[in-house]
Amino acid sequence: MIRGLRIGGGAIHVARTLLVTALGAGLLAQGIRDPQEEWRRAQRRLQQNRAEVDRLVDMRFRHDLGLPAAEDPTRPTGRPMSTLQKERMLRDLRDQEGQNVALSSRFNDLRRQFEELRQEAVASAERKADEAFVVVPSAGTARPQQRHPMPAMETNSGGISSPGEFQPNPGSSGSGLQPLPAGSSPAVQLTRVRGQIRGSDDHLRVAQSLFKAGQALMDVADDAREEGDVKTAESYDQRAKERLERAIAELEPLLAKPAPEYAALFCKGRCLELLFRHSERYDSLSLRRTTRLYQQREQEVRDAFLAISARDVKKTGENGTVEVLGSWGMAANAAVEHFRWLNLHGAYQPVTPIAEITWPGEKDK
């Protein structure tokens, strides 16, 4: 019995050995290496992973505490620094300082250029806003076609364009100004100047145009005042004043000559006369309240016309002893007399309004 058990146990051990050998042969046949070597390899990978984890944790701690990194050359080390290392580090420091100075200088130059360009852009924008010129083609060039026809301006019997009486051109598609509503003042059609015209170097013509524009605006203001629209009248009188002052400024180059043209002097006198009337209405200019200023402004108006009558003199007669005023001198004298008469009698108001005067037999008709 015992012998049979021993034989049976030996058979089992032999079977186990054969099984392990078969399994090992099968694993080797499938390309799997020795388990011991696989275990050692796994141990090495584990150590590498632990070292990487320790390095990452150390970098995180240094980052949180603000400490230099391990690869930072300025990081203090326990071993002494050699002379070569010190010289190399000092050379690198000088190079970095030189680069910083160069970059700072370049930055300052660019910032200064930027400020200059920005100031020039702002000044240019302000200059364009103040002097918005419209280029006008010179005489003799072809007129460009307009997409939207401009409205025509009728002229009154005096030859001056009547503001507010604009009519669209025949055949226009309605792009012109709309007709005035019934009962409205013609002043609503006039708008502020949107740009100056650059296209003429003739100061006299420009000044005369500005004078006519100021005179027309004052006429419109008078019409609005008669209709009871005082605020509109004040607005147009102020705009007329601006144009008259610009006309006088336009005449300065011509009046600076030793012998100015008669037309320039006459235009200046007319502009000063209208400005005198404007001051009478809005600046309380009167002979009683502001006597000295009134006489000074009155003399300024007369001086412009007297300068014409003093020069435009012709000698006639047998011996050339008789002095006769020329056409400009006669016109200047008439302007002075008209100015004097208005100063004396311009404030006259009839006791009975003219509209209320009745004539004998008027009601019988």
Side-chain angles (χ1 to χ4, degrees), residues 158-160 193 196 200-222 234 236-317 320-348:
I160 300 176
V193 176
Q196 302 175 7
S200 175
D201 295 332
D202 193 339
H203 298 284
L204 180 58
R205 286 178 178 256
V206 174
Q208 290 174 346
S209 300
L210 290 171
F211 163 73
K212 291 180 181 180
Q215 188 179 36
L217 287 170
M218 281 191 168
D219 293 341
V220 174
D222 291 338
E234 292 179 0
Y236 282 97
D237 279 335
Q238 181 62 29
R239 290 165 56 185
K241 179 183 177 182
E242 295 175 0
R243 284 156 178 78
L244 294 172
E245 291 176 347
R246 288 166 54 191
I248 295 176
E250 192 70 23
L251 290 172
E252 289 181 358
L254 302 177
L255 299 176
K257 297 179 180 180
E261 299 180 11
Y262 295 146
L265 291 171
F266 199 89
C267 183
K268 178 184 178 181
R270 294 298 308 276
C271 292
L272 291 175
E273 182 180 358
L274 293 181
L275 290 174
F276 184 88
R277 302 304 175 199
H278 184 276
S279 298
E280 280 185 326
R281 183 176 298 277
Y282 296 102
D283 298 336
S284 302
L285 182 66
S286 65
L287 186 59
R288 293 182 179 180
R289 287 175 291 184
T290 56
T291 305
R292 185 174 181 180
L293 181 61
Y294 184 90
Q295 293 176 350
Q296 181 181 357
R297 294 283 300 275
E298 191 178 28
Q299 188 62 34
E300 289 179 358
V301 177
R302 286 198 297 264
D303 287 344
F305 296 114
L306 292 178
I308 299 176
S309 59
R311 289 171 49 198
D312 190 19
V313 178
K314 298 179 180 179
K315 294 183 179 181
T316 59
T321 57
V322 180
E323 294 183 352
V324 180
L325 291 175
S327 57
W328 281 104
M330 296 174 61
N333 279 350
V336 171
E337 183 63 23
H338 177 264
F339 179 66
R340 186 191 65 80
W341 189 92
L342 285 179
N343 292 341
L344 292 176
H345 309 291
Y348 170 77

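Worth saying up front: this structure is predicted, and the values here are computed from it rather than measured.
- Thr291 and Arg288 make their closest contact through OG1-O, 3.6 Å (heavy atoms, listed as atom of the first residue, atom of the second, distance).
- The pair Glu242-Arg246 does not meet the salt-bridge criterion, since no charged nitrogen lies less than 4.0 angstrom from a carboxylate oxygen.
- To the nearest 0.5 Å, atoms CD (Glu280) and OG1 (Thr290) are separated by 9.0 Å.
- The heavy-atom pair separating Ser309 from Ala332 by the smallest distance is N-CB, 4.3 Å.
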Side chain to side chain contact (heavy atoms under 4.5 Å, CB included) evaluation trace for Asp303 with Leu272
CA-CA 10 Å; Asp303 287 344; Leu272 291 175; over 6 Å; no

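- When all heavy atoms of Met218 and Ala240 are compared, the pair lying nearest together is CG-CB, 3.7 Å.
- Aromatic ring centres of Phe339 and Phe276: separated by under 6.0 Å.
- At a threshold of 4.5 Å between non-hydrogen side-chain atoms, the residues Arg270 and Phe305 count as touching.
- Atoms CZ and CZ, from Arg297 and Arg277 in turn, are 10.5 Å apart once rounded to the nearest 0.5 Å.
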Evaluate side chain to side chain contact (heavy atoms under 4.5 Å, CB included) for Asp237 paired with Leu217, printing each intermediate quantity in order.
CA-CA 7 Å; Asp237 279 335; Leu217 287 170; over 6 Å; no

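- Counting only heavy atoms from C-beta outward, the side chains of His203 and Leu251 never approach each other to under 4.5 Å.
- Here the side chains of Trp328 and Leu265 are not in contact, with every heavy-atom distance at 4.5 Å or above.
- Taken to the nearest 0.5 Å, the CG atom of Leu210 stands 11.5 Å off from the CD atom of Glu245.
- Listed for the Arg243 side chain is a donor-acceptor partner under 3.5 Å among the backbone atoms of Arg239.
- Taking 4.5 Å as the limit, every side-chain heavy atom of Pro260 sits out of range of all side-chain heavy atoms of Leu254.
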Trp341 and His338: side chain to side chain contact (heavy atoms under 4.5 Å, CB included), yes or no, with the steps?
CA-CA 5 Å; Trp341 189 92; His338 177 264; 5.8 Å; no

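- Closest heavy-atom contact between Ala221 and Tyr236: CB-CB, 4.1 Å.
- Interatomic distance, SG of Cys271 versus CD of Glu250, reported as 11.0 Å (0.5 Å rounding).
- Gln299 and Arg302 form a side-chain donor-acceptor contact under 3.5 Å, judged by distance and modelled atom types alone.
- Gln238 contributes atom CD, which lies 5.0 Å from atom NE2 of His278 (distance to the nearest 0.5 angstrom).
- There is no side-chain donor-acceptor pair under 3.5 Å between Gln215 and Asp219.
- Taking NZ from Lys241 and OG from Ser279, the interatomic distance works out to 6.0 Å, rounded to the nearest 0.5 Å.
- In plain terms, the two heavy atoms of Lys314 and Gly326 that are nearest each other are CE-CA, 4.3 Å.
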